**Student:** 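Pasting in a structure now, in structure tokens, and then I'll have a few things to ask.
Everything numeric here is computed off the predicted structure, so don't read it as measured data. Note on naming: letters A, B, ... go to the chains in the order of the sequence lines (proteins, then strands), and numbering restarts at 1 for each one.
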4 protein chains.
Amino acid sequence: LALTSLHAQTVIAAGENRATEIGVPINISVLDAAAHLKAFSRMDGALLGSIDIAIGKAKTAALFGMATEAIGEFCKPGGTSPGLEQTNGGLVVFAGGIPLFAPDGSLLGAVGVSGGAVAQDREVAEAAVAALSY
Amino acid sequence: LALTSLHAQTVIAAGENRATEIGVPINISVLDAAAHLKAFSRMDGALLGSIDIAIGKAKTAALFGMATEAIGEFCKPGGTSPGLEQTNGGLVVFAGGIPLFAPDGSLLGAVGVSGGAVAQDREVAEAAVAALSY
Amino acid sequence: LALTSLHAQTVIAAGENRATEIGVPINISVLDAAAHLKAFSRMDGALLGSIDIAIGKAKTAALFGMATEAIGEFCKPGGTSPGLEQTNGGLVVFAGGIPLFAPDGSLLGAVGVSGGAVAQDREVAEAAVAALSY
Amino acid sequence: LALTSLHAQTVIAAGENRATEIGVPINISVLDAAAHLKAFSRMDGALLGSIDIAIGKAKTAALFGMATEAIGEFCKPGGTSPGLEQTNGGLVVFAGGIPLFAPDGSLLGAVGVSGGAVAQDREVAEAAVAALSY
């Protein structure tokens, strides 16, 4: 199973719908399981500084198959892996990046959202991922 | 006048339609007039090595307001500006990047296409730009 | 509305006047709303290490439309966004970068000041921004 | 003798006056003898892609104490130093960068101009340097 353009468009549309509902223009990216960019969209009015963060969140989630904030647990003060966030050319370790899994449990890719408060970014990313139902 | 998501989606859809017609899966990016990423799509089967090229072509066309191959004229052997392609963190100076202009002649942004032969990339980029009619 | 050279010169002159008043030679940069350099000046005697910081502060403020120290709140210990300062090729998240807004509330760009103590840099940046009255 | 802000302002004003006379908005940078940025100005309407080039030309001229096109002679096909333009993090080796000398012949810094055709950039840079008379 591989991530398709249809998957990516579905995920992005669902994320942007939720972002519109909560009134926060966001950047949203979809990467494949190898962390290569599959699709990206910046909503009108979204912060320019969030482009890099949206892609970084998806990269982080794809490379480790985990939500970004779960990776943040490893590198927070007192965590097992201090400095982890500086590997791989820089990770983004706060919420808003979520891996995408196929029905068989294999990693399809990841989505990354940035533009609002962290809780808003996570809400949008969750809505985006939820659209990828089988 | 600013580049909107609707502009970007229109441009990408037209490019992907042409790419499908000629049977070449491509990567296509749309950047705004300041060379910030607005939207991106990688068609299923498109080369991974072309992701960076598609974005680089659009960056190059946006930064100079010119088609990428026109910039290539300046830095080809015997041209006026040897090494120009190494500025700005690296430019892409062969065809496939085309600036987008508003009806008043101001720069809106640029589209970049990569995935096929250079002539195919240019054909797809031209079809993409042509969709942005007013 | 776009940032003009006249805006930039006005902002820089006001900042340098304040810096002279408090006896601290500073570096000052003005970037447009897309974080591209518009103008820069290093006063005689200003620290070389502050050139990059002055530009980085303005970049940070422009990319997020917020004062640099407000962005620092997000990534301080216990903040919502640990590691945020490492995105976008590196942000500067202490005081001295302030966004510039047009009368209609749209982002015009940002100013960044570095060379003195942080409180001095902020004072100079505030004087610079205040000169951009309409 | 050291490059002062007054030198830099004089050089930039003269360059911008010439650019206005020939109707080409340009980017102009002044670096000191150690190739650190002293002042920069982007005229309204100047190409974004030329910001990096204007700074790169001044860097190149300052690092070698020679006009950029003279350095280009060393690395052109058949020249003595192929690849020279890739050293120092990238040089710009076409015209528009000119060193600034003090009356005693010591290097003060350099000016770099970009935004027009190469011949125009050189003309503006020459006018800028000529203003630094003693």
**Student:** Does any heavy atom of chain A fall under 4.5 Å from the side chain of C/Ala62, the backbone, both, or neither of them?
**Tutor:** neither
**Student:** Could you tell me whether a side-chain N or O of A/Asp52 sits under 3.5 Å from a main-chain N or O of C/Thr87, the two making a donor and an acceptor?
**Tutor:** no
**Student:** Using side-chain heavy atoms (C-beta onward) and a distance below 4.5 Å, is C/Leu84 in contact with A/Phe94?
**Tutor:** yes
**Student:** To the closest 0.5 Å, what do you measure between CG (A/Leu47) and CG (C/Asn88)?
**Tutor:** 10.0 Å
**Student:** Relative to chain A, which of C/Pro82, C/Ser81, C/Gly83 shows the most heavy atom pairs under 4.5 Å?
**Tutor:** C/Ser81
